[in-house]
Amino acid sequence: MKTRFFMMLAAGLATGLAGAGMATAQNAPLSAANSEPETLEWMQGFPPPDDRIIRFTDPDYFAFPKLRWTVCHFRELMPTTAVRAGSDGADALPVALDPGLDDVAFTPIGRDGTMTWGEAFEANHTDAVLVLHEGRIVYERYDGCMDEHALHGAMSVTKSITGLIGEVLVAEGKIEETALMGDLIPELADSAFGDATVRQVLEMTTALDYSEDYADPDADVWTYAQAGSPLPPPEGYEGPRSYFGFLQTVGKAGTHGEAFGYRTINTDALGWLIARTTGLNVADWLSRNVWTRIGAEREAFYTVDSIGTPFAGGGFNATLRDMGRLGQLILDEGEWRGEQVLPRAAIARIREGGDPETFARAGYDLLPGWSYRGMWWVSHDAHGAFAARGVHGQTIWIDPAADMVIVRFASNPVAGNAANDPTSLPAYRAIADHLMQHKGAPRLEGREWLIEDIDGRGVLDNSPASLTFGPDGRLSGNATCNLIVGSYDSADGVISLGPVGTTMMACPEALGEQERRLLDILGGDVSFSMTDTGALVLEDGNGRTITARRR
């Protein structure tokens with residue numbers, strides 16, 4: 001028996017499922033600004049008003065516009081398991097913001113006219129986006145339910161994390177890619193997975209009698225979602241009660257290896273194999289081998305089924321910057337701060353991609369020439385870009401040629417990526433092209449530069465000396481005791497300073513001396529450069545320097 005209530009509830013549990021996804025949007029959905037959780041007052045107040053409450057048992061808890069609150073609050077709605085971070089604290093990401101990115105223009109696929117990166121943020125109901133270039137944050141923006149500390153559902157980006165783990169185990173020789181799943185997991189021997197190879201699971205070329213058609217009330221996706229529910233089953237339901245239980249019931253349809261077919265149950269089968277091989281579920285493996293080694297800022301988590309199995313196909317949640325760290329780790333071929341965290345061979349295998357002809361049989365019209373390997377989407381474009389993708393707009397986009405990672409969290413009203421790809425795929429390439437064009441050029445404008453050294457003498461008592469270069473040519477900051485006011489122009493690595501003045505507050509002698517040294521260096525034109533660690537160095541004609549850093 002499948003009640004309408006449980007079908008909607010199951011749709012939420014299956015957030016990481018098919019790229020087409022369930023049609024949750026209204027005919028004319030609210031704009032990004034008008035659908036913000038604070039604007040609609042979801043879950044505000046102590047207690048919230050009855051008509052503003054969102055519960056896991058609500059049939060529309062994952063429908064737009066409630067979706068825009070839910071994506072940041074899965075931990076409050078259902079059981080989860082942690083991906084523990086390390087005890088040494090966060091590994092800071094250098095910041096060198098590029099104020100010009102919002103104005104980068106591109107032509108959306110199939111449309112006339114251009115759109116800017118900033119306009120695409122709104123159009124796709126983006127909750128947060130991060131751009132890393134050469135290991136530095138050059139763009140960071142939050143909206144909706146997100147801020148720098150919030151954890152957001154990654155949806156099917158989770159699949160790529162599971163696929164990455166699988167490729168690591170293959171590269172390490174712990175799993176043989178030609179082995180049959182039924183030999184490695186005997187419980188699957190009589191299922192469709194029994195005679196599928198590990199490689200066919202990793203590339204989703206398994207032939208499964210399984211439908212993820214959300215429009216069909218009898219589709220297998222509903223039984224799968226019910227099996228993964230941590231709640232008591234609905235009256236009359238006698239099916240499996242866990243992800244493991246469901247996987248054993250899947251029948252075969254066709255011949256493995258002939259065509260790509262995007263089905264989440266492949267990922268949960270791989271998750272089972274990871275646990276059986278290593279003795280660790282995907283959450284614990286990720287914690288031990290990645291999250292504790294890349295300086296993650298926060299503990300991440302997975303949603304789980306009724307027996308505590310992490311949802312390997314769609315249950316991962318993390319902060320934006322931590323997802324950026326993961327993307328940077330992959331871009332750098334498994335290396336983090338000089339340590340080889342993951343084998344290079346695993347990353348190389350993903351970047352190589354699968355067979356585009358096999359992929360083409362799935363009919364992804366917006367992804368011509370693409371392929372799928374290790375549960376990553378591989379573009380085979382001139383930049384060698386590849387991506388992790390999830391419903392409602394979740395993305396990790398890696399562009400090796402541009403030395404760029406883009407991470408996006410979103411709550412697009414339409415689940416399927418076909419809804420946002422026209423305004424996302426060309427936007428990612430436009431940002432890459434812009435960054436490559438300006439590669440290596442220090443970016444003065446943006447956030448405040450905190451001064452950490454003046455003429456080789458450091459700074460006194462952590463005094464708040466700082467400089468801010470405004471995009472309008474204005475210079476401001478703090479000389480030590482007094483505020484700085486001035487103007488500047490920059491070109492070819494030289495800052496031409498206009499008259500630099502300060503307020504007239506009295507200073508203790510030592511701090512006053514520091515302030516005078518700073519203003520002396522800023523008394524004429526200065527050259528500027530950026531160190532490998534993201535520090536800004538200003539040098540006057542006498543060789544005196546100011547070193548500053550964004551924090």
Side-chain angles (χ1 to χ4, degrees), residues 69 71-76 80-98 126-155 157-158 160-162 164-165 282-303 310 315-332 334-339 341-342 388 390 394-398 404-411 446-450 452 532-535 549-551:
W69 180 89
V71 288
C72 291
H73 296 276
F74 284 113
R75 181 167 264 173
E76 293 143 66
T80 64
T81 189
V83 177
R84 295 174 299 280
S87 58
D88 295 334
D91 194 343
L93 293 171
V95 179
L97 296 181
D98 184 342
T126 307
D127 297 322
V129 69
L130 179 76
V131 181
L132 292 166
H133 181 230
E134 299 177 329
R136 302 186 182 100
I137 296 174
V138 296
Y139 187 91
E140 186 175 23
R141 182 176 174 184
Y142 297 92
D143 200 8
C145 61
M146 281 296 290
D147 60 31
E148 61 184 358
H149 305 295
L151 293 92
H152 193 288
M155 317 309 175
V157 168
T158 310
S160 298
I161 297 172
T162 307
L164 172 65
I165 299 171
V282 290
D284 290 338
W285 192 99
L286 188 64
S287 173
R288 180 177 297 185
N289 294 282
V290 177
W291 229 242
T292 56
R293 301 177 68 183
I294 62 172
E297 293 181 14
R298 284 202 63 181
E299 174 183 286
F301 70 88
Y302 282 83
T303 59
F316 187 67
N317 293 250
T319 68
L320 182 70
R321 286 193 176 187
D322 284 343
M323 291 296 273
R325 290 178 172 88
L326 177 62
Q328 189 67 42
L329 174 70
I330 296 167
L331 174 64
D332 291 339
E335 184 178 312
W336 186 262
R337 306 297 191 246
E339 179 187 3
V341 174
L342 300 176
Q394 322 318 315
T395 307
I396 300 177
W397 183 270
I398 299 175
M404 178 191 79
V405 175
I406 296 176
V407 178
R408 181 179 68 188
F409 286 135
S411 44
R447 286 170 52 187
E448 177 184 48
W449 293 97
L450 300 177
E452 57 187 25
D532 290 341
T533 61
R549 190 182 304 274
R550 288 187 168 121
R551 296 175 189 168

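The CG atom of Leu326 lies 11.5 Å from the CG atom of Leu331; values are rounded to the nearest 0.5 Å. Taken from CG in Leu93 to CD in Gln328, the straight-line distance is 8.0 Å, to the nearest 0.5 Å. Atom CD of Glu299 is separated from atom OG of Ser287 by 8.0 Å, given to the nearest 0.5 angstrom. In this structure, the separation between CD on Gln394 and OG1 on Thr126 is 9.5 Å, given to the nearest 0.5 Å. Note that the CE atom of Met323 and the CZ atom of Arg408 stand 12.5 Å from one another [nearest 0.5 Å]. For the atom pair CZ of Arg298 and CG of Asn317, the computed distance is 10.5 Å after rounding to the nearest 0.5 Å.
What you find for Pro310 and Thr81 is that their closest heavy atoms are CG-CG2, 4.0 Å. When all heavy atoms of Ala82 and Ala283 are compared, the closest pair comes out as O-CB, 3.9 Å. Between Cys72 and His152, the shortest heavy-atom contact is SG-CD2, 3.8 Å. Here the shortest heavy-atom pairing between Thr80 and Arg75 reads OG1-NE, 3.7 Å. Contact between Thr158 and Gly315 at its shortest, heavy atoms only, is OG1-N, 3.6 Å. Contact detail for Ala150 and Cys145: the closest heavy-atom pair is CB-O, 4.0 Å.
With sequence neighbours left out, Phe316 forms a ring-ring contact (aromatic ring centres under 6.0 Å, His included) with Trp291, Tyr302. Trp69 meets the ring-ring contact (aromatic ring centres under 6.0 Å, His included) test with His73; sequence neighbours excluded. For Ala90, the side chain to side chain contact (heavy atoms under 4.5 Å, CB included) criterion is met by Glu297, Arg325, not counting sequence neighbours. Qualifying salt bridge (charged side-chain N to carboxylate O under 4.0 Å, His left out) partners for Glu76, counting only residues two or more places apart in sequence or in other chains: none. By the side-chain hydrogen bond (donor to acceptor under 3.5 Å, both in side chains) test, Asp91 is found to be paired with Trp336, Arg337, residues two or more places apart in sequence or in another chain being considered. Arg136 meets the side chain to side chain contact (heavy atoms under 4.5 Å, CB included) test with Pro94, Ala96, Glu134, Met530; sequence neighbours excluded. By the side chain to side chain contact (heavy atoms under 4.5 Å, CB included) test, Arg293 pairs with Glu339, Val341, sequence neighbours left out. Not counting sequence neighbours, Asp143 has no partner by the salt bridge (charged side-chain N to carboxylate O under 4.0 Å, His left out) test. Qualifying salt bridge (charged side-chain N to carboxylate O under 4.0 Å, His left out) partners for Arg288, counting only residues two or more places apart in sequence or in other chains: none. The salt bridge (charged side-chain N to carboxylate O under 4.0 Å, His left out) test applied to Asp332 returns no partner, not counting sequence neighbours. When the side-chain hydrogen bond (donor to acceptor under 3.5 Å, both in side chains) test is applied to Asp284, no partner is found at least two apart in sequence or on another chain. Under the side-chain hydrogen bond (donor to acceptor under 3.5 Å, both in side chains) criterion, Ser411 pairs with Arg68, Asp127, not counting sequence neighbours.
Residues Val71 and Phe409 fail the side-chain proximity criterion, which asks for heavy atoms closer than 4.5 Å. Taking 4.5 Å as the limit, some side-chain heavy atom of Trp397 sits within range of a side-chain heavy atom of Met404. Counting heavy atoms from C-beta on, the side chains of Leu164 and Val290 never come closer than 4.5 Å. No side-chain heavy atom of Ile406 sits under 4.5 Å from any side-chain heavy atom of Thr395. Leu132 has its side chain out of reach of Val138: every pair of non-hydrogen atoms, C-beta onward, lies at least 4.5 Å apart.
Tyr142 pairs with exactly one of Leu130, Val129, Leu320 by the side chain to side chain contact (heavy atoms under 4.5 Å, CB included) rule, that one being Leu320.
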